[in-house]
Amino acid sequence: MTNTTHLVRAGDAEVLDGDPGGTITLLADAPDTGGALSAHRSTFRDGAAGAPPHTHHEATELFLVLDGALRVLVGGDVTVLRAGDLLVVPPDVAHAFEAAPGHDAEVLFVLAPARERAEYYRLLDRVHRGRGDWAEVGASQERFDNHYVDSAAWAGRDGADGN
């Protein structure tokens, strides 16, 4: 790790908008922070899918809901986070997320330690634009420390309590 500072002005951030359900704004990646963390801001429109159940073997992931409401899976529990709520998910804990029904959401995500995750989000953007295949995303699990898992709780979430 190197001792570096990193500043991204809002107007200079790379915005990925290939997903019709929202955007991903890239803020910091491993090379920018000396491997300390990666950060991005995502928006999710009501009804839009977020991330399916997955784990990170190395990274802790922080969620800070900036606006709206985000439905999340953590382990075997499904709950709703609202503006101002913070969630920290340690390595190897299954999690998933999407806009809560009837809501949009804007969320800041921070993962530490960092991997070069910007390429993962660019891959998702290409797939959403029809310039890539979902098989590429599945094949990238080790590279990006994004390991997809099954979750009965997430599969049955439509009747989940909105807390």
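One is the number of the first residue; the rest follow in order along the sequence. For clarity, every value in this text was computed on a predicted model and none was experimentally measured.
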Rounded to the nearest 0.5 Å, what's the gap from OG on S140 to CG on L124? Could you check? 7.5 Å
Given the rule that I, L, V, M, F, W and Y join up when any side-chain heavy atoms are under 4.5 Å apart, are L37 and L62 in one cluster? yes
Same hydrophobic cluster for L66 and F44, using side-chain heavy-atom links shorter than 4.5 Å among ILVMFWY? no
Is there side-chain contact between V88 and E61, with heavy atoms separated by less than 4.5 Å? no
Can you say whether the rings of F97 and H54 are parallel (under 30°), tilted (30 to 60°) or perpendicular (over 60°)? perpendicular
Check for a donor-acceptor pair, side chain of D85 on one end and backbone N or O of V65 on the other, with a separation under 3.5 Å. no
Kindly give the heavy-atom pair with the smallest separation between D46 and A100, and that separation in Å. OD1-O, 3.9 Å
On a heavy-atom basis, the closest approach of P52 and A96 is C-CB, 3.6 Å
So, taking the atom named CG in D92 and the one named CD in E58, what distance separates them when rounded to the nearest 0.5 Å? 9.5 Å
Would you say the side chain of L16 lies within less than 4.5 Å of the side chain of E14, judging by non-hydrogen atoms? yes
Distance check, rounded to the nearest 0.5 Å: D19 atom CG versus H128 atom NE2? 3.5 Å
For a 4.5 angstrom cut-off between non-hydrogen side-chain atoms, does I24 reach V15? no
For P90 and T60, the nearest pair of non-hydrogen atoms, with its separation, is CA-OG1, 4.0 Å
Quick check against the 3.5 Å criterion: does D125 have a side-chain atom that pairs as donor or acceptor with the backbone of G18? yes
For a 4.5 angstrom cut-off between non-hydrogen side-chain atoms, does H40 reach T25? no
Any non-hydrogen side-chain atom of D29 less than 4.5 Å from a side-chain atom of R117? yes
Y148 backbone acceptor or donor facing Q141 side chain under 3.5 Å: yes
Interatomic distance, CG@L123 vs CG@D133, rounded to 0.5 Å, equals 9.5 Å
Please confirm whether H147 and H56 have ring centers closer than 6.0 angstrom. no
To the nearest 0.5 Å, what is the distance between OG on S38 and OH on Y121? 6.0 Å
Just wondering, do V110 and F63 contact through their side chains at under 4.5 Å, heavy atoms? no
Carboxylate-amine/guanidinium contact E116 R143, below 4.0 Å: no
Minimal non-hydrogen separation, G21 against A48, with atom names: O-CB, 3.3 Å
Can you find a pair of side-chain heavy atoms, one from P101 and one from R71, that are under 4.5 Å apart? yes
So, for H95 and W154, is the gap between ring centers shorter than 6.0 Å? no
Are L86 and L81 packed together at the side-chain level, in the sense that at least one heavy-atom pair is separated by less than 4.5 angstrom? no
Let's go through V74 and T79 carefully: what are the C-alpha distance in whole Å and the side-chain angles of both, what is the deciding distance for side-chain contact (heavy atoms from CB on, under 4.5 Å) to 0.1 Å, and is it a yes or a no? CA-CA 8 Å; V74 181; T79 191; 5.5 Å; no
Taking all non-hydrogen atoms of both residues into account, name the closest pair between A69 and A105 and its distance. O-CB, 3.3 Å
Under 3.5 Å donor-acceptor, T43 side chain and T23 backbone: yes
Do L111 and L27 belong to the same hydrophobic cluster, where Ile, Leu, Val, Met, Phe, Trp and Tyr are linked whenever their side-chain heavy atoms lie under 4.5 Å apart, directly or via other members? no
What's the shortest heavy-atom distance between A153 and G76, and which atoms? CB-O, 3.3 Å
Answer with yes or no whether the hydrophobic clustering places L64 together with F109; edges join I, L, V, M, F, W, Y residues whose side-chain heavy atoms lie under 4.5 Å apart. no
Nearest 0.5 Å please: distance from the CZ atom of R131 over to the CZ atom of R122. 14.0 Å
Taking D32 for the side chain and H6 for the main chain, is one N or O donor matched with an acceptor at less than 3.5 Å? no
Do D17 and R129 sit within salt-bridge range, that is, some charged N less than 4.0 Å from a carboxylate O? yes
When you group the ILVMFWY residues by side-chain heavy-atom contacts below 4.5 Å and let the links chain together, are L108 and V72 in the same group? no
